[in-house]
Q: 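First the structure, which I've put down as structure tokens, then a few questions once you've had a look.
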2 protein chains.
Amino acid sequence: MKLLADPLRAHIVRLLAEGPACTCHLVADTGATQSNVSNHLRALRHAGVVAAEPWGRFTYYRLQADVIEAAAEQLGALAARARATVDARREC
Amino acid sequence: MKLLADPLRAHIVRLLAEGPACTCHLVADTGATQSNVSNHLRALRHAGVVAAEPWGRFTYYRLQADVIEAAAEQLGALAARARATVDARREC
DNA sequence: GGCTGAGATCAGGCTGTGGTGATATCAGTT
DNA sequence: AACTGATATCACCACAGCCTGATCTCAGCC
């Protein structure tokens, strides 16, 4: 969840949502350093948000839709819960 | 979005999802300092995630379900987009 | 008016973490 | 095997953001 908080990581995730891409694409599209992108990709990889697929000399990254969807559902449940309890004001 | 990344803020949001509560409730339930909670509430307020409702001497906070739901929908759209483009591998 | 208790605000310290540069690895290619 | 280009890893610095402690405001109450 907190992984999507970083602007560059969010950018990477948005790019990957448009289809699997290799690191060079992400570096070119974000304009960030290769080291930087790679570091963020490692964080996303360890969290299971993206999956790495070596393809010859390149490494393709694929966004794991399930993980994103799970986060979305958690937020949705929170919103629903909030709506259901609008009148449950606790007394001091 | 990145507001929910902080553990304490996430805790506060979860508590508020169970119904509007005043600052003293949040302070008691989270075990955090009053200053700390108040600071986080300000951040959430400025982002429109929560709304403050003065009630006599107290201040009740209410979670804005719309904002949470909007975030959830954005994530959902991202996941859907990722699913739709699983085979759109870009060439290097 | 003076007091008390809830809450907001501010200044400072400290830690976590993102960015950078240099280096290591590893797969093709000659 | 030597070379190149893609990617990963590491060490370091710098800054943002969290936490705390102290102070300020404001509402209700005596």
Q: Report yes or no: is there a donor-acceptor pair, N or O only, under 3.5 Å between the side chain of B:S35 and the base of D:dA22?
A: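 Pair found.
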Q: Look at B:R83 together with A:E69 and state whether they make a salt bridge at an N to O cut-off of under 4.0 Å.
A: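 Yes, charged N to carboxylate O under 4.0 Å.
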Q: Using a 4.0 Å heavy-atom cut-off, does B:C22 contact any base of the nucleic acid, only the sugar-phosphate backbone, or nothing at all?
A: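 Answer is sugar-phosphate: B:C22 comes under 4.0 Å of backbone atoms only.
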Q: When the distance from CD of B:E53 to P of C:dG7 is rounded to whole Å, what number comes out?
A: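 That distance rounds to 14 Å.
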Q: How is A:L8 classified with respect to the nucleic acid when contacts are heavy atoms under 4.0 Å: base, sugar-phosphate, or nothing?
A: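 A:L8: backbone/sugar contact only, no base atoms under 4.0 Å.
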Q: How many whole angstroms separate atom CD of B:Q34 from atom C1' of C:dA8?
A: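 Nearest whole value for this atom pair: 7 Å.
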Q: 5'-most contact on DNA chain C: A:G56 or B:V27, nearest heavy atom basis?
A: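 So the residue in question is B:V27.
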Q: Flag yes if more than 12 heavy atoms outside B:Q74 fall under 6.0 Å of its CD atom; otherwise flag no.
A: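 For B:Q74, atom CD is not crowded (no more than 12 foreign heavy atoms under 6.0 Å).
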Q: Compare every heavy atom of B:C22 with every heavy atom of B:Y60, then report the nearest pair and how far apart it is.
A: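 In terms of heavy atoms, the two residues are closest at CD2-N, 3.7 Å.
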Q: For C:dA6, take OP1 and OP2 only and decide whether either is under 4.0 Å from a side-chain N or O of B:Y61.
A: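 No, outside the criterion.
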Q: Rounding to an integer number of Å, can you tell me how far B:D6 CG sits from C:dT17 P?
A: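 The distance from CG of B:D6 to P of C:dT17 comes to 11 Å, rounded to the nearest Å.
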Q: Atom CG of B:N36 to atom C1' of C:dA8: distance rounded to whole Å?
A: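 Taking atom C1' of C:dA8 as the reference, CG of B:N36 is at 13 Å.
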Q: Think B:T23 has a side-chain N or O under 4.0 angstrom from the OP1 or OP2 of C:dA8?
A: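 It does, given that an N or O in the side chain of B:T23 lies less than 4.0 Å from OP1 or OP2 of C:dA8.
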Q: Would B:D29 and A:R90 pass as an ion pair if we require N to O under 4.0 Å?
A: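 The answer is yes: the pair qualifies as a salt bridge.
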Q: Does any donor atom in the side chain of A:Y61 or A:R45 lie under 3.5 Å from an acceptor atom in the other side chain?
A: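 Indeed, the side chains of A:Y61 and A:R45 share at least one donor-acceptor pair under 3.5 Å.
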Q: Please report the distance, rounded to the nearest Å, between NE2 in B:H25 and C1' in C:dG7.
A: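 Nearest whole value for this atom pair: 14 Å.
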Q: Look at A:R57 and C:dT29 and indicate whether a side-chain polar atom (N or O) is within less than 4.0 Å of OP1 or OP2.
A: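 Looking at the OP1 and OP2 atoms of C:dT29, neither is under 4.0 Å from any side-chain N or O of A:R57.
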Q: Which whole-number value in Å describes the distance from A:R9 CZ to C:dG16 P?
A: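 Those two atoms, CZ and P, are 16 Å apart.
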Q: Whole-Å distance between D:dA16 P and B:L3 CG?
A: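 Those two atoms, CG and P, are 17 Å apart.
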Q: How close or far is atom P of C:dA11 from atom CG of B:N39, stated in whole angstroms?
A: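 Checked: the CG to P distance equals 12 Å.
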Q: Does a nitrogen or oxygen in the side chain of A:R42 sit under 4.0 Å from OP1 or OP2 of D:dT7?
A: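 It does not, given that no N or O in the side chain of A:R42 lies less than 4.0 Å from OP1 or OP2 of D:dT7.
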Q: Does C:dT17 have its OP1 or OP2 closer than 4.0 Å to a side-chain nitrogen or oxygen of A:H40?
A: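 Answer no for this pair, as no side-chain N or O of A:H40 is under 4.0 Å from OP1 or OP2.
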Q: Between C:dG19, C:dT9, C:dG5, spot the one nearest the side chain of B:S38, thanks.
A: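 For the B:S38 side chain, the nearest candidate turns out to be C:dT9.
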Q: Answer yes or no: side-chain N or O of B:T59 and base N or O of C:dA6 forming a donor-acceptor pair under 3.5 Å.
A: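 Flag unset: no donor-acceptor pair detected.
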